[in-house]
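Have a look at the structure below, then the notes.
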Protein chains: 2
Amino acid sequence: MKILVADDDRDLLELVAFMLVQDGYLALKAGDGPSALSIFAAEAPDLLILDINMPGLSGFQVCEEVRRTSRVPVMMLTVRGEEEDLVRALELGADDYLNKPFSPRTLLARVKALLRRARLEVASPVSAGRLKLDLEEHTLQIGAQPAIRLTKLELRLLQVLLANHGRAVSSDRLLIQVWGHRGAGDRELLKQLVHRARQKIEREPANPEILQTVPGAGYRLLVD
Amino acid sequence: MKILVADDDRDLLELVAFMLVQDGYLALKAGDGPSALSIFAAEAPDLLILDINMPGLSGFQVCEEVRRTSRVPVMMLTVRGEEEDLVRALELGADDYLNKPFSPRTLLARVKALLRRARLEVASPVSAGRLKLDLEEHTLQIGAQPAIRLTKLELRLLQVLLANHGRAVSSDRLLIQVWGHRGAGDRELLKQLVHRARQKIEREPANPEILQTVPGAGYRLLVD
DNA sequence: CCGGTTTGTAACCGGTCTATAACTGACGAG
DNA sequence: CTCGTCAGTTATAGACCGGTTACAAACCGG
């Protein structure tokens with residue numbers, strides 16, 4: 001489940017993304033309005049969390065633009081007391097709003113409620129090239145081969161890599177997206193996870209064709 | 001379509017009821033918690049709209065009480081800023097929430113969405129493949145075998161799984177759909193319920209052919 | 001009120017999954 | 001050449017998950 005968060009407050013952006021990742025979502029980050037729109041177009045996230053106060057393109061404008069083409073659930077972040085903002089957000093088609101500051105529990109509860117309302121609580125299979133990842137079944141299908149069962153972590157790893165297939169994803173980012181950031185020495189975990197994943201999905205685990213290493217940079221998923 | 005509205009704010013109560021009636025619904029009005037419960041018992045409405053802040057019996061308590069016997073859709077009215085309330089409402093099994101103040105359009109849209117969802121669930125296929133579920137008789141028939149009597153919970157479990165037959169349904173979702181809430185120790189309940197259901201419906205409960213486990217993901221019903 | 005049924009709670013077990021550490025080989029810098 | 005780093009591999013202990021058994025509490029029909 002991909003969620004796009006847009007906020008110009010760097011700290012808050014990281015914090016929200018962190019909370020989402022902790023709860024099992026895949027978080028996409030945008031620091032301003034224009035990049036929110038381009039990420040939205042490129043990644044087709046399942047939910048948007050937009051700060052209203054962003055320089056350049058405000059959350060309102062992003063929401064308005066998104067609503068021209070999509071009914072994706074939108075949650076607005078507002079500053080407490082701005083009654084006008086709230087009304088306008090709802091007029092523009094936002095589905096919910098949250099007053100800053102908010103607690104992690106609140107944010108997650110509302111995100112979950114919104115997704116449920118959008119009936120997206122049931123995740124649909126994600127596919128690219130000859131790879132098809134079924135988030136419900138926890139399986140990966142390669143071409144016409146029988147589906148391979150994956151564990152939770154393997155699924156998350158492949159989900160992140162698949163969302164960026166063809167491009168290298170840094171180890172740091174993988175750590176954050178899969179585990180939700182830990183100590184510096186946790187590269188061991190990633191090493192292990194990649195190894196186990198390769199045992200399962202590669203024809204020849206020693207010469208990976210799908211889950212490839214990009215020396216010094218991270219890993220990359222090739223889909224064809 | 002009967003809708004029960006409970007609010008101690010007389011004006012708001014009348015207003016909401018008026019909006020509903022305007023839109024073609026039959027509105028039942030309750031000025032406090034206890035009368036909401038008694039009207040609910042007497043009239044069996046199709047949807048509940050509960051204000052959280054009511055003297056005597058709060059909307060929480062009403063919701064909790066109603067959920068002991070019914071899965072009727074519940075919408076909570078919350079005051080803007082009371083984030084904790086919202087979290088609690090969703091945990092108690094409320095289906096949606098609305099922040100006051102709200103626009104008539106929003107209210108009606110959400111009411112409509114809730115009713116549509118509820119109707120879909122009720123009208124969902126009672127039979128699929130060789131399985132036939134009789135919701136009145138509380139029985140399950142497999143192929144041409146004699147019908148098997150089911151308890152309330154078993155019936156609900158199979159109803160949800162049957163509505164999604166062939167696909168894995170997550171444990172979280174099952175908990176919410178069967179019990180109406182989700183808590184810490186509830187994993188045990190599901191484990192038990194599945195075990196009991198298998199004893200009844202499977203030819204060989206240790207090697208289930210119908211009610212299968214999807215490791216790490218949940219359970220799945222196979223109908224043929 | 002009684003007795004059976006249904007539901008909730010707990011303990012136990014075996015298998016799987018995850019975290020952690022140690023070892024190996026490849027590679028590049030000095 | 002030697003050292004340090006990086007990625008892959010192997011090994012293992014503990015956590016976690018799902019199934020099972022047992023029993024207590026709540027509920028229900030007579």
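Quick note on labels: first sequence line is chain A, next is B, and so on, each numbered from 1. All figures in this text were calculated on a predicted structure; none of them were measured in a lab.
For the salt bridge (charged side-chain N to carboxylate O under 4.0 Å, His left out) test, residues two or more places apart in sequence or in another chain that qualify with Lys200(B) are Glu154(B). By the side chain to side chain contact (heavy atoms under 4.5 Å, CB included) test, Arg10(B) pairs with Leu13(B), Glu14(B), sequence neighbours left out. Ala30(B) is linked by a side chain to side chain contact (heavy atoms under 4.5 Å, CB included) to Leu4(B), Ala6(B), Ser35(B), Ala36(B), Ile39(B), counting only residues two or more places apart in sequence or in another chain. When the salt bridge (charged side-chain N to carboxylate O under 4.0 Å, His left out) test is applied to Glu65(B), no partner is found at least two apart in sequence or on another chain. With sequence neighbours excluded, the residues forming a side chain to side chain donor-acceptor pair (under 3.5 Å) with Arg105(A) are Glu84(B), listed by chain and number. Applying the side chain to side chain contact (heavy atoms under 4.5 Å, CB included) test to Gln199(A) and every residue at least two apart in sequence or in another chain returns His195(A), Pro205(A).
Between Ser170(A) and Tyr219(A) the shortest side-chain heavy-atom distance does not fall below 4.5 Å. Looking at heavy atoms from C-beta onward, Leu107(A) lies in side-chain contact with Met75(A) at the 4.5 angstrom threshold.
Sorted by first and then second residue, the salt bridge (Lys or Arg N to Asp or Glu O under 4.0 Å) pairs with a member in residues 207-224 of chain B read Glu137(A)-Arg220(B); sequence neighbours excluded. Under the salt bridge (Lys or Arg N to Asp or Glu O under 4.0 Å) criterion, the residue pairs touching residues 31-53 of chain B are Lys2(B)-Glu43(B), Asp51(B)-Lys100(B), with sequence neighbours excluded.
Rounded to whole Å, the distance from NZ on Lys152(B) to P on dA26(D) is 15 Å. Counting to the nearest Å, the C1' atom of dT5(C) and the CD atom of Glu154(B) are 11 Å from each other. When rounded to the nearest whole Å, the span between CG of Asn207(B) and P of dG18(D) equals 18 Å. Regarding Asp186(B), its CG atom lies at a distance of 15 Å from the P atom of dT7(C), rounded to whole Å. Rounding to whole angstrom units, CG of residue Leu193(A) and C1' of dA21(C) are separated by 17 Å. At whole-Å resolution of the value, NE2 in His138(B) and C1' in dC27(D) are 15 Å apart. As a whole-Å value, the separation of Leu175(B) CG from dG8(C) P is 11 Å. Taking atom CZ of Arg156(A) as the reference point, atom C1' of dC17(C) lies 15 Å away to the nearest angstrom.
Proximity of Thr151(A) to the phosphate of dT16(C): no side-chain N or O atom is located under 4.0 Å from OP1 or OP2. OP1 or OP2 of dA19(C) has not a single side-chain nitrogen or oxygen of Arg196(A) nearer than 4.0 Å.
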Name every donor-acceptor pair, under 3.5 Å, that has one atom in a side chain of residues 158-169 of chain A and the other anywhere in the protein, sequence neighbours excluded.
| unit_1 | atom_1 | unit_2 | atom_2 | d |
| --- | --- | --- | --- | --- |
| Asn164(A) | ND2 | Val160(A) | O | 2.8 |

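In the set dT20(C), dA19(C), dG8(C), dA19(C) carries the atom at the smallest distance from any side-chain atom of Trp179(A).
For the helix from dC1(C)-dG30(D) to dG30(C)-dC1(D), the rotation axes defined at the first and last 5 base pairs enclose an angle of 30°, given to the nearest 10°.
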All N/O contacts under 3.5 Å from nucleotides 3-9 of chain D to the protein, with atom names and distances to one decimal?
| unit_1 | atom_1 | unit_2 | atom_2 | d |
| --- | --- | --- | --- | --- |
| dA7(D) | OP1 | Gly216(A) | N | 3.3 |
| dA7(D) | OP2 | Arg187(A) | NH2 | 3.4 |
| dG8(D) | OP1 | Arg198(A) | NH2 | 2.2 |
| dG8(D) | OP1 | Thr213(A) | OG1 | 2.5 |
| dG8(D) | OP2 | Arg198(A) | NH2 | 3.4 |
| dG8(D) | OP2 | Tyr219(A) | OH | 2.9 |
| dG8(D) | O6 | Lys191(A) | NZ | 2.8 |
| dT9(D) | OP2 | His195(A) | NE2 | 3.4 |

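Within the 4.0 angstrom heavy-atom criterion, only backbone atoms of the sugar-phosphate kind lie near Leu153(B); the bases stay farther away.
A salt bridge is defined here as a Lys NZ or Arg NE, NH1 or NH2 lying under 4.0 Å from an Asp or Glu carboxylate O, and Arg67(B) with Glu64(B) fails to meet this definition.
Proximity of residues 157-167 of chain A to DNA chain D (heavy atom under 4.0 angstrom from any strand atom) is not detected for any residue.
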